[in-house]
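Here's the structure, in structure tokens; my notes come after.
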Amino acid sequence: MESERLKKILLSIDGRGYKAYKQIEGSYKFGFFDLFIDHVQGDPFAAPSRLRVRVKQEVAQIPGWAFENPHRQMACCDFMTRTFAKAIRKYAEGKRGSGKSGLFAVDVPGQQVLKRTSCLVNEAFVEIRFVCGLPAAGRRALGREAMEMFFDELPRIVEEALLYRNINEENLKRHVEVVEDHFYIKEQLKEQKLVSFIADGSILPRESGVSQRPMRREDAVAFSSPPSLRVTMTLPNRGEITGMGIPEGVTLITGGGYHGKTTLLEAIEMGVYPHIPGDGREYVATVEETAKIRAEDGRSVKGVDISPFINNLPGGKDTSFFSTEDASGSTSQAANIQEALEMGVKLLLIDEDTSATNFMIRDARMQRLIAKDKEPITPFIDHVRGLFEQLGVSTILVIGGSGDYLDVADKVIMMDEYVPLDVTQEAMSVAQSIKTNRAKEAQKVPFIPSSRVPVPGSINPHLGKKLKIKANGLRSITFGRDNMDLGALSLLVDESQTRMIAQIWHYAYVKGYIDGRRSIVEIIDKVFGDIQEKGMDVISPHRYGHPGDYALPRKFETAFAINRLRSLKIARAQ
């Protein structure tokens with residue numbers, strides 16, 4: 001229907017009860033764009049109304065090069081979402097009454113570029129999904145103020161953000177090219193038998209411990225690879241670039257305190273995602289199959305085979321199918337590794353500072369004092385080489401205090417005032433001249449555990465008869481009667497990913513994929529297959545189809561989240 005129809009409705013409901021806004025649900029033609037009011041909130045204090053704006057390509061004229069392949073399309077959508085958010089800040093007046101009145105908002109991305117539901121760009125149209133707080137005084141509809149929002153502010157926002165003639169072409173071009181180059185680096189990692197690449201000139205430090213924004217270039221030390229580790233990447237847009245290539249195998253990052261060890265590891269970790277131009281880490285890339293491992297006191301563990309790391313417990317408790325509601329640091333770290341192996345991890349990232357000491361190392365003196373038959377834990381140092389040599393799983397460790405790891409390393413990188421140095425030969429010389437005299441304790445090589453099958457009913461999003469699913473910020477999900485504590489999942493970087501994980505498991509429940517036969521891996525593969533075939537909207541619980549505020553998580557975090565659901569039960573293999 002024409003936009004004049006919307007204007008008449010808004011005038012007619014001005015001053016009436018808030019629920020009168022329900023009359024405006026529908027679609028409206030606004031000259032150069034179409035407005036879809038898909039869902040109207042029932043209360044000014046409820047979640048805001050969900051809307052879409054669609055501009056036909058004959059009007060928007062976004063060039064085909066901006067979305068000609070999946071990586072460019074993801075980057076273009078990310079860029080358009082950011083321009084829409086910027087235009088909202090410029091033109092929207094904001095609060096107009098009670099609750100969320102007067103709000104226009106879109107799912108604003110952070111430093112990483114993720115596949116999102118906030119925007120669609122294709123050969124036919126550009127579509128932005130956003131929310132609007134319909135204005136109210138108390139619980140009375142302010143129809144005239146809503147008219148200002150729809151007929152004054154929104155057209156200016158759409159015109160500036162979604163029409164190519166008003167978009168900075170150079171910024172869009174750089175955005176899509178940087179993202180595309182990231183994925184080319186990832187492809188070359190495998191070709192060159194590397195697990196990570198950090199480009200020369202990168203700015204790795206962040207502006208603060210609670211921000212993902214880069215430190216100012218003038219305050220930071222730009223990254224420069226040691227000559228012995230310098231490799232060249234050939235990219236379709238940037239051309240040839242050089243940087244440090246970390247080879248497959250066991251790599252130690254060492255050095256004194258405050259010299260940049262953890263900063264380097266965090267940059268490697270975040271390299272699984274592309275970053276926006278100017279981030280400083282936009283030419284840092286890490287293999288997709290990466291997991292950050294840490295101790296996690298108090299987490300629940302369900303049906304995990306931790307026997308390669310922990311065995312021979314007092315009382316003869318079985319650790320090949322281990323469950324606990326309150327794992328210790330060492331037990332949780334063992335479970336985290338085994339769960340990552342179950343998902344097909346190829347690179348483990350471990351920081352000594354966030355690890356359980358007795359899981360990482362048992363030195364010669366402790367071996368002499370406490371006989372192996374009295375110590376259930378086989379430390380990680382005795383498995384790290386087997387993980388690579390037998391399973392092809394590499395490890396990068398930040399080590400500052402355990403020199404025993406020099407014996408098992410392929411490469412040793414020392415951070416010296418934020419500058420990386422290849423000290424592998426010196427480290428080997430030290431290891432040869434100063435013997436640790438510790439005995440290797442591994443008796444069972446870690447292996448890829450058999451896939452665990454959830455018991456139907458143990459993953460249930462209902463509390464009684466009520467559906468209860470909610471992402472509580474970035475690090476927690478309420479799911480039925482329990483919570484998933486995601487505090488240790490550092491590779492979960494956006495609250496929209498958390499929201500999507502919650503709905504992925506709801507979708508799996510509704511579709512009957514949790515059937516007592518499929519494993520966690522198979523359930524996730526089934527859902528992600530549906531997403532690949534039908535798009536991210538497929539998991540939306542909304543009757544109107546689009547969520548607008550989801551970002552695609554990795555399969556790893558999707559699995560790690562459900563592993564932390566306390567109601568989860570795993571069927572023992574017959």
Which pair of heavy atoms, one from [X] and one from [Y], lies closest together, and at what distance?
X: Ser355; Y: Met360; answer: CB-CG, 3.5 Å
X: Arg82; Y: Val113; answer: NH2-CG2, 4.5 Å
X: Arg475; Y: Leu492; answer: NH1-O, 3.0 Å
X: Thr558; Y: Pro553; answer: OG1-CG, 3.6 Å
X: Cys76; Y: Val176; answer: N-CG1, 3.8 Å
X: Val126; Y: Ala60; answer: CG2-CB, 3.9 Å

Between [X] and [Y], is there a donor-acceptor pair closer than 3.5 Å when you use the side chain of the first and the backbone of the second?
X: Ser496; Y: Ala551; answer: no
X: Ser476; Y: Ala471; answer: no
X: Thr286; Y: Ile268; answer: yes
X: Ser202; Y: Ile198; answer: no
X: Thr354; Y: Arg294; answer: no
X: Glu240; Y: Leu235; answer: no
X: Arg156; Y: Ala87; answer: no
X: Gln432; Y: Ala427; answer: no

Salt bridge check: are [X] and [Y] linked by an N-O gap of less than 4.0 Å?
X: Glu269; Y: Arg281; value: no
X: Arg50; Y: Asp549; value: yes
X: Arg129; Y: Glu127; value: yes
X: Arg564; Y: Glu296; value: yes
X: Lys186; Y: Glu288; value: yes
X: Arg206; Y: Asp279; value: yes
X: Arg116; Y: Asp107; value: yes
X: Arg238; Y: Glu177; value: no
X: Lys261; Y: Asp351; value: no

Any chance the side chains of [X] and [Y] put a donor and an acceptor closer than 3.5 Å?
X: Arg299; Y: Asn336; value: yes
X: Asp404; Y: Ser402; value: no
X: Gln112; Y: Asp494; value: no
X: Thr234; Y: Gln188; value: no
X: Thr242; Y: Asp200; value: yes
X: Ser118; Y: Thr81; value: yes
X: Thr331; Y: Ser328; value: yes

Problem set entry | Verdict with supporting geometry, Glu180 and Asn69, side chain to side chain donor-acceptor pair (under 3.5 Å) | CA-CA 9 Å; Glu180 185 176 49; Asn69 60 50; 2.9 Å; yes
For this session: Start with the C-alpha distance between Val430 and Glu426, add both sets of side-chain angles, then the distance that settles side chain to side chain contact (heavy atoms under 4.5 Å, CB included), and finish with yes or no.
Result: CA-CA 6 Å; Val430 169; Glu426 295 93 321; 5.5 Å; no
For this session: Please test Asp410 against Arg385 for salt bridge (Lys or Arg N to Asp or Glu O under 4.0 Å), starting from the C-alpha separation and ending with a verdict.
Result: CA-CA 9 Å; Asp410 295 302; Arg385 290 230 56 87; 3.2 Å; yes
Please round to the nearest 0.5 Å and tell me the distance separating atom [atom1] of [X] and atom [atom2] of [Y].
X: Ile399; Y: Tyr405; atom1: CD1; atom2: OH; result: 5.5 Å
X: Ser394; Y: Leu348; atom1: OG; atom2: CG; result: 8.5 Å
X: Phe67; Y: Leu120; atom1: CZ; atom2: CG; result: 12.0 Å
X: Met414; Y: Leu421; atom1: CE; atom2: CG; result: 5.0 Å
X: Phe528; Y: Ile504; atom1: CZ; atom2: CD1; result: 4.0 Å
X: Lys86; Y: Arg89; atom1: NZ; atom2: CZ; result: 8.0 Å

For this session: Please test Asn483 against Thr478 for side chain to side chain donor-acceptor pair (under 3.5 Å), starting from the C-alpha separation and ending with a verdict.
Result: CA-CA 4 Å; Asn483 284 339; Thr478 298; 3.1 Å; yes
Exercise. Going through the distances and angles, do Lys190 and Glu289 end up as a salt bridge (Lys or Arg N to Asp or Glu O under 4.0 Å)?
Worked result: CA-CA 12 Å; Lys190 295 180 180 180; Glu289 303 90 349; 3.7 Å; yes
Exercise. Checking Arg54 against Phe125: charged group under 6.0 Å from the ring centre and within 45 degrees of the axis?
Worked result: yes
Exercise. Do Thr251 and Ile413 pass the side chain to side chain contact (heavy atoms under 4.5 Å, CB included) test, and can you show the C-alpha distance, the side-chain angles, and the key distance before you say yes or no?
Worked result: CA-CA 7 Å; Thr251 299; Ile413 299 168; 4.0 Å; yes
For residues 161-169, run the donor-acceptor check on the side chains, cut-off 3.5 Å, and write out each pair with its distance to 0.1 Å, sequence neighbours left out.
unit_1 : atom_1 : unit_2 : atom_2 : d
Tyr164 : OH     : Glu169 : OE2    : 2.9
Arg165 : NH2    : Glu159 : OE2    : 3.4
Asn166 : ND2    : Glu159 : O      : 2.8
Asn168 : OD1    : Glu170 : N      : 3.1
Asn168 : OD1    : Asn171 : N      : 2.9

For this session: Apply side chain to side chain contact (heavy atoms under 4.5 Å, CB included) to Leu491 and Val272, showing your working.
Result: CA-CA 9 Å; Leu491 274 164; Val272 301; 3.5 Å; yes
Exercise. Any chance CZ of Arg213 has more than 12 other-residue heavy atoms, nucleotides or ligands included, within less than 6.0 Å?
Worked result: no
Exercise. Heavy atoms, side chains only, cut-off 4.5 Å: are Ile253 and Met415 in contact?
Worked result: yes
For this session: Kindly determine whether Glu495 and Arg499 satisfy salt bridge (Lys or Arg N to Asp or Glu O under 4.0 Å), including the steps that lead there.
Result: CA-CA 6 Å; Glu495 186 176 338; Arg499 280 191 287 268; 3.3 Å; yes
Exercise. In terms of ring plane angle, is the pair Phe309 and His383 parallel, tilted or perpendicular, where the classes change at 30° and 60°?
Worked result: perpendicular
For this session: Walk me through it: do Glu207 and Arg216 pass the test salt bridge (Lys or Arg N to Asp or Glu O under 4.0 Å)?
Result: CA-CA 7 Å; Glu207 66 180 2; Arg216 294 192 311 167; over 6 Å; no
For this session: Applying side chain to side chain contact (heavy atoms under 4.5 Å, CB included), run through His182 and Glu282 and close with a yes or a no.
Result: CA-CA 7 Å; His182 169 88; Glu282 58 265 58; over 6 Å; no
